Amino acid sequence: MAKDSPYTPDVKTADVHPIPPIDGKDESKQTNGVQRNLKTRHISMIALGGCIGTGLFMTSGSTISKAGPGGGLVAYIAMGIMVYFLMTSLGELATNQPVSGSFATYNAKYVDPALGFAMGWNYWFNWAITVAVDISTAALLIQYWLPDTPGWIWSLVVLTVIFLINALTVSAFGETEYWLSLIKIVTVIAFLIIGLCMICGIFFHPAVGLGNFTYKKAPFVGGFPAILNVFLIAGFSFQGTELVGVTAGESEDPEHAVPKAIHSVFWRLLIFYFLSIFVIAAIIPYDSPNLLSAANGNIAMSPFTLVFNRAGLGFAATLMNAIVLTAVLSSANSGMYASTRMLYSLAEEGYAPKYFASTTKHGIPMPALIVTAVISLATFGSSIFGEKIYMWLVAASGLTGFIAWVGIAISHFRFRRAFIRQGHKLSELKYHAKLFPLGPILALILCIIVIGGQNIDAFVHWDWQQIGITYIGLPLVLILYFGYKIKNHTHIIPLDEVDVSPSDISKEHQETLA
């Protein structure tokens, strides 16, 4: 989430840990920093809405086109299970120590300070770039209704609105996300009801049935290689679920809000995605060229639009354009929040200038917010004046979410092992992840497979330019990691020395409410 200048703290030996233990006394100082004003409903909706976006509304159809209805369902179920394990891992960490830096802090605290530095900056870079992409996309969606207006004006308007929302209070951000996410969820529910009625022949005649599941080469098209290929699309659809860990640092009641969000989100996502793919596959044959057209940004060809059209809703394209616009605005809003909090956390931990740790009286890290907005604006400018630079920037941020997931799995594995090694019992944890160590190990393996399979064709044809564009995020993380490690002589923290002490937020929470 956070990434910035190669500033390093005054850490000269491996014996000095840049992240001090957080106890009730230390953490109470946060009442002069970020404030715990996000309610449980905000956390749940942010976690749920964070991964219901253009991945579901636009590109989900391409999984069916490439792997058939069966392959698409398998890919989304597999990715859903992987994300569930990752989120339960994050839930265990976030309830033990709810901080705005989330997994970057855990990487540093439970693995290696250099890993926390690399992951933090890498994640900040990702969201700062993503905000620029989102405001560009928002402009294109607005031009659907106002084609004669210049897109850059709308991009600036969207960026300004997103900045102002994040500059008010964290509850303003939470409330905005709540309603934007609610719009997306209502849309999906309406889509499922209409689609299932069409399949069963309720109000719509004749019944569509399930014939498309045995149509030509269906249900599985292209075998396992095709399923592996659409893993990538499904994985990107779930990007953003890790935001629940970042919001934990400003949750009123992280001990209950985070586990509740994780449990409810998993089942809702699995139902939403599984049923959505099922409905699309049943109504639209896998060889329909429209399914691929949607992935290229054609709103009229969105699988949701196609299903609504077949149900007789003539305004489907306009409706879906508005829904996708809310999804993009939600993504930009979350991106601005996430990157700002990560930069704030990096400064708190000594990984960035302390100036970025300062906050307003409402708990907003204003310097971090301004710098993030400026970087997003500069990236957007490069899309206008230097398309090649913009392409590389966007490509560099592509793997960041998966890299962050790898960090979550490793951090949780190390935390739990250190926790047990030091004589603690699981009953001491406010929340403990399921199926340890299978969960984080399985998630780690799947993440590595997804990262490695991003562009197999480029390796097959030895296209070095495409390899560089696709995988540029990996060397950037390695440079950050080893650069910090060499300069500060850090090492992987022995399990006996890992600080697994929990945060005591009771005093802080009382002071915040006061």
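For clarity, every value in this text was computed on a predicted model and none was experimentally measured. All values below come from the heavy atoms of this structure, side chains included, with hydrogens, waters and symmetry mates left out.
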Visitor: Do F173 and L168 touch side chain to side chain, with heavy atoms closer than 4.5 Å?
Guide: no
Visitor: Has T95 got a side-chain atom pairing as donor or acceptor with E92's backbone, closer than 3.5 angstrom?
Guide: yes
Visitor: Give a yes or no answer on whether the side chain of K354 reaches the backbone of E348 with a donor-acceptor pair at less than 3.5 Å.
Guide: yes
Visitor: Can you list everything that forms a side chain to side chain donor-acceptor pair (under 3.5 Å) with N321? Sequence neighbours excluded, please.
Guide: none
Visitor: For a quick test of reading the model, state the closest non-hydrogen atom pair linking L93 to S411 and the distance between them.
Guide: CD1-CB, 4.1 Å
Visitor: Consider only side-chain N and O atoms of S501 and D499, and report whether a donor and an acceptor are under 3.5 Å apart.
Guide: yes
Visitor: Strictly distance-based, threshold 3.5 Å: is any side-chain N or O of S155 a donor or acceptor partner for the main-chain N or O of I135?
Guide: yes
Visitor: Would you call the rings of Y110 and Y106 parallel, tilted or perpendicular, where under 30° means parallel and over 60° means perpendicular?
Guide: parallel
Visitor: Side chain of S345, backbone of R341: donor and acceptor closer than 3.5 Å?
Guide: no
Visitor: Could you check whether any side-chain N or O of Y471 sits under 3.5 Å from a backbone N or O of G452, counting only pairs where one atom can act as donor and the other as acceptor?
Guide: yes
Visitor: Strictly distance-based, threshold 3.5 Å: is any side-chain N or O of S302 a donor or acceptor partner for the main-chain N or O of F57?
Guide: yes
Visitor: Minimum heavy-atom separation for V230 and A75, please, with both atom names.
Guide: CG2-CB, 3.5 Å
Visitor: Do V406 and I451 touch side chain to side chain, with heavy atoms closer than 4.5 Å?
Guide: yes
Visitor: Which residues pass the side chain to side chain donor-acceptor pair (under 3.5 Å) test with T372, not counting sequence neighbours?
Guide: W124
Visitor: Measure from the ring center of F436 to the ring center of H412 and say whether it is less than 6.0 Å.
Guide: yes
Visitor: Taking side chain to side chain donor-acceptor pair (under 3.5 Å) as the test, write out the residues that go with T88, two or more places apart.
Guide: none
Visitor: Cut-off 3.5 Å, side chains only: do D112 and N107 have a donor facing an acceptor?
Guide: no
Visitor: Any sub-3.5 Å donor-acceptor pair from S358's side-chain atoms to Y355's backbone N or O?
Guide: yes
Visitor: Checking Y351 side chain against P113 main chain: does a donor-acceptor pair fall under 3.5 Å?
Guide: yes
Visitor: Can you confirm whether the side chains of T105 and Q97 place a donor and an acceptor under 3.5 Å from each other?
Guide: no
